K.L.:
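Dumping the structure here so I can ask a few things about it.
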Amino acid sequence: MITLSYSKLKKFAFCILGLPFIVFAIGWMKWYWAVIAAGATLLCIYFGAFRKRKNAENKVVELSEAEHKVSVKYLFVILIIAIAMIWVWQSGIGGFWAQSKDYPWRNAIYRDIVLRDWPVFYDVYGGALVYYIGYWLVPALFGKLALLFGANDVTAFGVASVAIYIWSVLLIVLLFGLLITLLRADTSKKQLLIVLGFVFFSGLDILGSIEPLGANLYHLEWWADYYQYSSFTTCLFWVFNQSMIPWIAFACLLQEKTIKNYVFLGMMCLFSGPLPFIGYFIFCIALGIQKGIKAIRNKQAGTFFKDIVSVSNMLAVFFVFIFIAAFLLSNAALSGGGALRIDQDATIVQSEMAVGTEADQVNLSQLKNYVLFVLFEFGIYAALIARKYYKEPLFYVTIVPLFIFPFLKIGGGSDFPMRASIPALFLLYCFIMKFLMEEKLWLKKKGSTQRMLYIILIVTLLLGSITPVVEFYRGARQVALYGLDNPMEDYLYTLGGDGPNGWDVESGQEFANFVAIDAEQKFFFHYFAKDVEK
């Protein structure tokens, strides 16, 4: 048996979360700024996860973190690793299986990180790579190492592809461990439920896709037109770079006993997923208020204030956030028209699936889509478990944003509701798993409402699992039709316009979501970034 607890996993998790930004600081920034940024991050990790507390009150906190221990059989650890390996392999990460239509951009970003000097500049439009690149930086080092030893570009990127697969498996195994401690799954059956439940958790997209039959037969989640909340498998298969690290950061947040590490965890989430960070921030504030009220009631307001201004929080605010914010705000889409827009009249976009062209018809179609979307994606789940959680404030903090996010928009796409919802859907999954584990005796109450609710919840979860199954099927079908070496997944090659396919990117606007244009004029590249020969 292996004994797991958050206090043990926390050390590993904090190192994993902080490492990408440390690599970024050393690789992208002038040496003196790099020392400040990397040093601050290391201190956040040390004070947040490794430093032993000395006063009596904090010792109690330390023990309370450690006392919730979960025993896991060695064979089950092997099973968890195997599930993580299969899940990541099926996602296409590393190029060992079919990849989704989003991969050309992500392959190009990763290739540029591996093969080009850091910071990554593009001569053709005076641009630079500016994106939430944290996820890629650690495995990219192995490709860099291969180049250093004389490997050609193809071999070096092959090494980096193997490295990113192993890195992703490591992240998922860590996530599974954190979920087991978070939900206190103390038996192998519960642990298997937690792991497989995460892989197959989804909204009831199959019900919405029956009529009309989805925008894409092999990707069910566009059935509600503009609105979409992605399953965890969809996130891994399409937007892995802004899912895995935020998942880990949020799993840590939910297990922190004080607020002294909230900012550090948030900054590491921000660096790899700005939109999931927005969802993270909502829960950060809610949990902070909850802990603050409790501290005041217990006459510990002074201790609570000390946690707010902890070493970890202050270092993250003043010596980490400034660099991350300056870098991300250099992005062309953010600096040139990607502003947040809230449609107060609920007419988000012209619906392609609406019948007719009159405004009232469009609004009626969108209202129908919204109601069905809310019902199928989280409403039925929330109603089925509300009997257990209706007194918990965090339950409402989970549900209310899911009602609101569809009305928030960035630019011309629907990325905001899809990605800002990641933390809320994560916690909804946690509520459901806790319900299944803690209320299983309801099944024995024959003829009762409780038994009926429990059975309906199981049925709806099974229906929801069809969405991830379709994602698995899409990959298998793609391999059957086109083989593993499918050029569709890598046609872009680079964001610099100087790849083998010769993309015309003179203005750089084609890649505005991923680059800074005229980068040397941006604050980060003018003051913080290394000077390199371009």
Side-chain angles (χ1 to χ4, degrees), residues 100-102 201-235 237-239 275-276 278-279 282 340-384 386 396 398-426 428-429 432 456 459-471 474:
S100 70
K101 294 179 181 179
D102 274 3
F201 180 72
S202 175
L204 305 174
D205 302 293
I206 187 62
L207 298 184
S209 296
I210 291 175
E211 186 180 351
L213 185 62
N216 183 336
L217 181 59
Y218 305 108
H219 184 56
L220 298 181
E221 287 159 304
W222 282 116
W223 64 270
D225 197 12
Y226 169 81
Y227 311 115
Q228 184 193 138
Y229 286 156
S230 302
S231 72
F232 299 143
T233 290
T234 300
C235 288
F237 286 25
W238 291 76
V239 289
L275 293 180
I278 295 173
I282 292 172
L340 179 68
R341 176 170 66 84
I342 302 176
D343 285 336
Q344 297 179 350
D345 60 356
T347 56
I348 304 298
V349 290
Q350 180 74 22
S351 173
E352 296 178 359
M353 297 169 65
V355 179
T357 58
E358 296 296 326
D360 58 341
Q361 292 176 311
V362 172
N363 288 339
L364 182 62
S365 174
Q366 289 171 337
L367 179 61
K368 175 186 174 183
N369 278 348
Y370 174 75
V371 171
L372 290 177
F373 174 78
V374 165
L375 186 66
F376 291 159
E377 291 301 315
F378 66 92
I380 292 176
Y381 290 144
L384 290 172
Y396 298 98
T398 301
I399 300 304
V400 171
L402 292 175
F403 278 103
I404 298 173
F405 283 155
F407 299 103
L408 306 180
K409 187 177 181 182
I410 290 180
S414 55
D415 284 16
F416 184 92
M418 287 192 293
R419 308 305 164 223
S421 61
I422 286 175
L425 293 173
F426 186 101
L428 177 62
Y429 151 84
I432 291 172
I456 292 174
V459 172
T460 54
L461 288 170
L462 290 174
L463 286 173
S465 70
I466 294 175
T467 298
V469 169
V470 170
E471 286 295 321
R474 175 186 55 78

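All of these numbers come straight from a predicted model, not from anything done at the bench. Computation of the quantities below employed the complete heavy-atom set of this structure, encompassing side-chain atoms and omitting hydrogens, waters and symmetry-equivalent molecules.
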K.L.:
What's the spacing between Phe378 CZ and Phe373 CZ if we round to 0.5 Å?
P.N.:
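These two atoms lie 7.0 Å from each other.
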K.L.:
Given side chain to side chain contact (heavy atoms under 4.5 Å, CB included), test Ile206 with Thr467 step by step and report yes or no.
P.N.:
CA-CA 7 Å; Ile206 187 62; Thr467 298; 5.7 Å; no
K.L.:
Apply the side-chain contact (heavy atoms from CB on, under 4.5 Å) test between Ser421 and each candidate in Phe405, Phe426, Phe416; give the one that qualifies.
P.N.:
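Answer after filtering Phe405, Phe426, Phe416: Phe405.
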K.L.:
What heavy-atom pair brings Ser231 and Glu221 nearest, and what distance separates the two atoms?
P.N.:
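That closest heavy-atom pairing would be N-OE2, 2.7 Å.
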K.L.:
The criterion is side-chain hydrogen bond (donor to acceptor under 3.5 Å, both in side chains); which residues satisfy it with Thr398, sequence neighbours excluded?
P.N.:
none
K.L.:
Taking the side chain as C-beta and beyond, is there a heavy-atom pair between Arg474 and Ser100 under 4.5 Å?
P.N.:
yes
K.L.:
For the atom pair CG (Leu428) and CG (Leu402), what is the distance rounded to the nearest 0.5 Å?
P.N.:
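Leu428 atom CG to Leu402 atom CG measures 7.0 Å (nearest 0.5 Å).
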K.L.:
Apply side chain to side chain contact (heavy atoms under 4.5 Å, CB included) to Ser465 and list each qualifying residue two or more places apart in sequence or on a separate chain.
P.N.:
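Applying side chain to side chain contact (heavy atoms under 4.5 Å, CB included) to Ser465 gives Phe200.
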K.L.:
First locate atom CZ of Phe201, then atom OH of Tyr429, and finally report the distance between them rounded to the nearest 0.5 Å.
P.N.:
9.0 Å
K.L.:
Run Ile422 and Tyr229 through side chain to side chain contact (heavy atoms under 4.5 Å, CB included) and show every step you take.
P.N.:
CA-CA 8 Å; Ile422 286 175; Tyr229 286 156; over 6 Å; no
K.L.:
So how far is it from Tyr227 OH to Met418 CE, rounded to the nearest 0.5 Å?
P.N.:
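So the OH of Tyr227 and the CE of Met418 are separated by 14.0 Å.
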K.L.:
With side chain to side chain contact (heavy atoms under 4.5 Å, CB included) as the test, would you mind laying out the steps for Glu377 and Asp205 before giving the verdict?
P.N.:
CA-CA 7 Å; Glu377 291 301 315; Asp205 302 293; 2.5 Å; yes
K.L.:
Check the angle between the aromatic planes of Phe376 and Trp223 and answer parallel, tilted or perpendicular using the 30° and 60° thresholds.
P.N.:
tilted
K.L.:
Please walk me through it: do Thr460 and Leu204 pass side chain to side chain contact (heavy atoms under 4.5 Å, CB included)?
P.N.:
CA-CA 7 Å; Thr460 54; Leu204 305 174; 4.1 Å; yes
K.L.:
How long is the gap from CH2 on Trp238 to NZ on Lys101, to the nearest 0.5 Å?
P.N.:
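One finds 6.5 Å between CH2 of Trp238 and NZ of Lys101.
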K.L.:
Main chain of Phe403, side chain of Tyr370: is a donor-acceptor contact present, judged purely on distance under 3.5 Å?
P.N.:
yes
K.L.:
So which atom in Cys235 and which in Arg419 form the shortest heavy-atom distance, rounded to 0.1 Å?
P.N.:
SG-NH1, 4.2 Å
K.L.:
So which heavy atom on Leu425 is nearest to which on Ser230, and how close?
P.N.:
CD1-O, 3.8 Å
K.L.:
Which atoms form the tightest heavy-atom contact between Ser202 and Pro468, and what is the distance?
P.N.:
CB-CD, 3.8 Å
K.L.:
How long is the gap from OG1 on Thr234 to CD on Glu471, to the nearest 0.5 Å?
P.N.:
4.0 Å
